[in-house]
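Just so it is clear: chains get the letters A, B, ... in the order the sequence lines come, proteins before strands, and each one is counted from 1. Everything quoted here is computed from the prediction, not taken from an experiment.
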2 protein chains.
Amino acid sequence: MSTTNIKEVAQRARVSVGTVSNVLNRPEIVSPATRKRVFDAIRELGFVRNEVARHLRVGRSRTVGLIVLDVANPFFADVAQGADALADEHDTMVVLCNSAADPARELRHLDQLEQQRVMGILITPVDASSPRLAELAARGTPVVLVDSAATGLQCSVAVDDRLGGHIAGVHLIERGHRKILFVGGPRSIKQVGDRHLGIMSAVSEARDTEPGGGVEPGGGPGGGVELVAWFMPALSVTHGRIAGERVAALPVEERPTAAFCANDLLALGFLQAMAAHGLRVPHDMAIVGYDDIDFAAAATVPLSSVGQPRELLGRTAIDLLLEEVAEPELHRHRQVIFQPDLVVRQSSDLHRSPP
Amino acid sequence: MSTTNIKEVAQRARVSVGTVSNVLNRPEIVSPATRKRVFDAIRELGFVRNEVARHLRVGRSRTVGLIVLDVANPFFADVAQGADALADEHDTMVVLCNSAADPARELRHLDQLEQQRVMGILITPVDASSPRLAELAARGTPVVLVDSAATGLQCSVAVDDRLGGHIAGVHLIERGHRKILFVGGPRSIKQVGDRHLGIMSAVSEARDTEPGGGVEPGGGPGGGVELVAWFMPALSVTHGRIAGERVAALPVEERPTAAFCANDLLALGFLQAMAAHGLRVPHDMAIVGYDDIDFAAAATVPLSSVGQPRELLGRTAIDLLLEEVAEPELHRHRQVIFQPDLVVRQSSDLHRSPP
DNA sequence: TGATCTTTTTGAATCGACTCAAGACACCGA
DNA sequence: TCGGTGTCTTGAGTCGATTCAAAAAGATCA
């Protein structure tokens, strides 16, 4: 162990421990000569300040926990990067934890972070209404919900997922699709539900305004728009592929002509399955993903996707947290909501598709 | 702050602090009746053990730092996932830090982790020979190099990058390419250099064994294999695209017929640029990437790539670290090296390409 | 030179949990 | 009733850095 402590430094520099502490924390109040002796001793002994002891004494940590649903999802990597960047400017460390959308893992991480008395926790919860989150806040660890709206008990940053789903739905309907598949993840994930609600609302609006038929070729004979939803067990490339294979196996007349996937990983897997089964995208099957991760643009067929300000989500979350920590009394919880925007690429754009 | 401490619990349960500590750490030595009283008090007060104080006293943390070059690169996400999984089994927490290939950021993270007295550090260093790493180990924080071979001063897990580069080179040469471009990242990154050396060795072997001409159509008129190397400032999709654009701008006769990219992000960007400039892959330009991330298979043209056992790297690193921590005396540093393997997909496979 | 004010330095108390030698207690047989 | 044997419980001391009232050292001026 790095066993050199402040006491040894004090001895070698022939000063008291109080002075060493002052050099470390408020060097300007120490006389230059003494300061130099202490710095020399520190260097000679290779002293490294024990942050654990410091933290115990001052009671406040410079560490923030960030719990995400899936570290391997570039969406969260970008959120983390945004958070990290801003935290860094405030000399604060972000520790990234992966819940893998598993409530038990999430709970373990929450326990660990609370036990470590972190400054606060940013979390994309598996279940935002879990009493655990309220307890944390009540016991003094501020929590900011990320990519998930809070209800006033804590701060949150999110993107309007219903709007995102709606935009995607409107887009596909405008392109003439009359039988649409929604490929979701676990129902327990709020984002999945909201995106589903969003496309549902787009579909029902379409039914209301144009009861008789479609505006463009490709509409079904009866005119009404049909929406089917599948909820896969995970928001992963693998489960997207599984969904795609299931779709490909359907008889043509039952098969939807477009799929809206709850995230880009699902969409990429779905796309792979289409290619594997000889279905052309977007001609036989249009696809719209969600998150607009960098890989979406680089897919087999460049993927249309509902984009979110990923890094900004992370930055804003840190910002809210620092604000709360700085003035716990004055602080009013806020819910920041960003707008998603659809990036149309080839996977849903019939005009650019091969004949 | 969560201000309830062991003393309050002791008061409420009408026992001493020692007994509460025993309940927490060695419940079996406490009589069932007392144990229950203590557990009740803990529950009623919402007591959460202060890991900071515990750590200060026992001197050993249950946290491991993992510093990677780029959190947004799925390769590292997978390594992290592997590490996390094994650490979890040993009731240990992995905190993920991003150096973004910046030595200053790396240093800051190393400082922070050492100050926090973590159990150990897994790192993919920007510069493996940095004296800082040796200092850390000397002062008692074990270090395991990840994806980078050590020289006996510490443990390491790596994949043979020269072999990987060699395999990729041999593959491209066999496919008849006689003018090959190596797209690297910063020269300072060891992996980039090794992969370059690998393909260089493949090229020079090809020159030696077949000085007069190629084995397959497509060889240059003079027969020799030519290798050009570009070193981009980052291993990112963006810089891959920039490299691709630069290549596309070359006159056909000067343009290489194949590119070996130092990682898949570069390769995906490069691929996008080809598509944007109407160059067909693999017909006009074959591409081989590195890492075989999940997105490689889902690219515009499925990407050939040199695969690495990503999660195994992470697991093994944790394994080595835990071994060292468990028996610091007996421990002998080990260098574990895995073999890469080439996954051939459409991007480098002329036989499946369009006429 | 002594009084007064300012700048530095000191060191014991503190944060919260853990350790362990020592004490309290229960039970048994004589 | 007493000593012996195990089983539980106790609480002062400890980990390392910070704090802050108080002491010491230095500076200034009459």
Candidates [options] - which lies nearest the side chain of [X]:
X     : options                : result
A/R57 : C/dC15, D/dA12, D/dT10 : C/dC15
B/L56 : C/dG16, C/dA12, C/dT9  : C/dG16
A/N50 : D/dG16, C/dC18, C/dT9  : D/dG16
A/V58 : C/dC18, D/dT19, C/dG16 : D/dT19
B/V17 : D/dA17, C/dT10, D/dG11 : D/dG11

What does [X] touch in the nucleic acid at a heavy-atom separation under 4.0 angstrom: a base, only the sugar-phosphate, or nothing?
X     : result
A/V30 : sugar-phosphate
A/R26 : sugar-phosphate
B/V15 : sugar-phosphate
A/N25 : sugar-phosphate

Could you state the atom-to-atom distance from [atom1] of [X] to [atom2] of [N] in whole Å?
X      : N      : atom1 : atom2 : value
A/Q11  : C/dG11 : CD    : P     : 12 Å
A/I6   : C/dG11 : CD1   : P     : 14 Å
A/H55  : C/dG16 : NE2   : C1'   : 11 Å
A/E8   : D/dA17 : CD    : P     : 9 Å
A/R14  : C/dT10 : CZ    : P     : 11 Å
B/Q116 : D/dG16 : CD    : C1'   : 15 Å
A/N22  : C/dT10 : CG    : P     : 10 Å
B/E51  : D/dC15 : CD    : C1'   : 14 Å

Going by distance alone, is a donor N or O of one side chain under 3.5 Å from an acceptor N or O of the other, for B/R54 and B/N25?
yes
Can you confirm whether the side chains of B/D147 and B/Q191 place a donor and an acceptor under 3.5 Å from each other?
yes
Which is it for A/R332 and A/E324 under the salt bridge (Lys or Arg N to Asp or Glu O under 4.0 Å) test, yes or no, and what are the steps along the way?
CA-CA 8 Å; A/R332 311 258 72 205; A/E324 176 163 1; over 6 Å; no
Backbone of A/E8 reached by a side-chain donor or acceptor of A/N5 within 3.5 Å
yes
Counting distance only, does the side-chain N/O of B/R35 pair as donor-acceptor with the main-chain N or O of B/V30 below 3.5 Å?
yes
Is the closest basic N to carboxylate O distance between B/E114 and B/R139 below 4.0 Å?
yes
Residue pair A/K7/B/S31 against DNA chain D: nearer the 5' end by closest nucleotide is B/S31
Need the bend value for the helix from C/dT1-D/dA30 to C/dA30-D/dT1: angle between end axes, 5 pairs each end, nearest 10°.
60°
Going by the side-chain contact (heavy atoms from CB on, under 4.5 Å) test, name the single residue among B/L145, B/I189, B/I67, B/L69 that passes it with B/T124.
B/L69
Indicate, yes or no, whether a donor-acceptor pair under 3.5 Å links the base of D/dT18 to the side chain of A/R54.
no
Take A/L153 and A/H333, measure what side-chain contact (heavy atoms from CB on, under 4.5 Å) needs, and give me the verdict at the end.
CA-CA 7 Å; A/L153 291 156; A/H333 292 313; 5.7 Å; no
Using a cut-off of strictly less than 4.0 Å, decide whether B/T19 has a side-chain nitrogen or oxygen near OP1 or OP2 of D/dT10.
yes
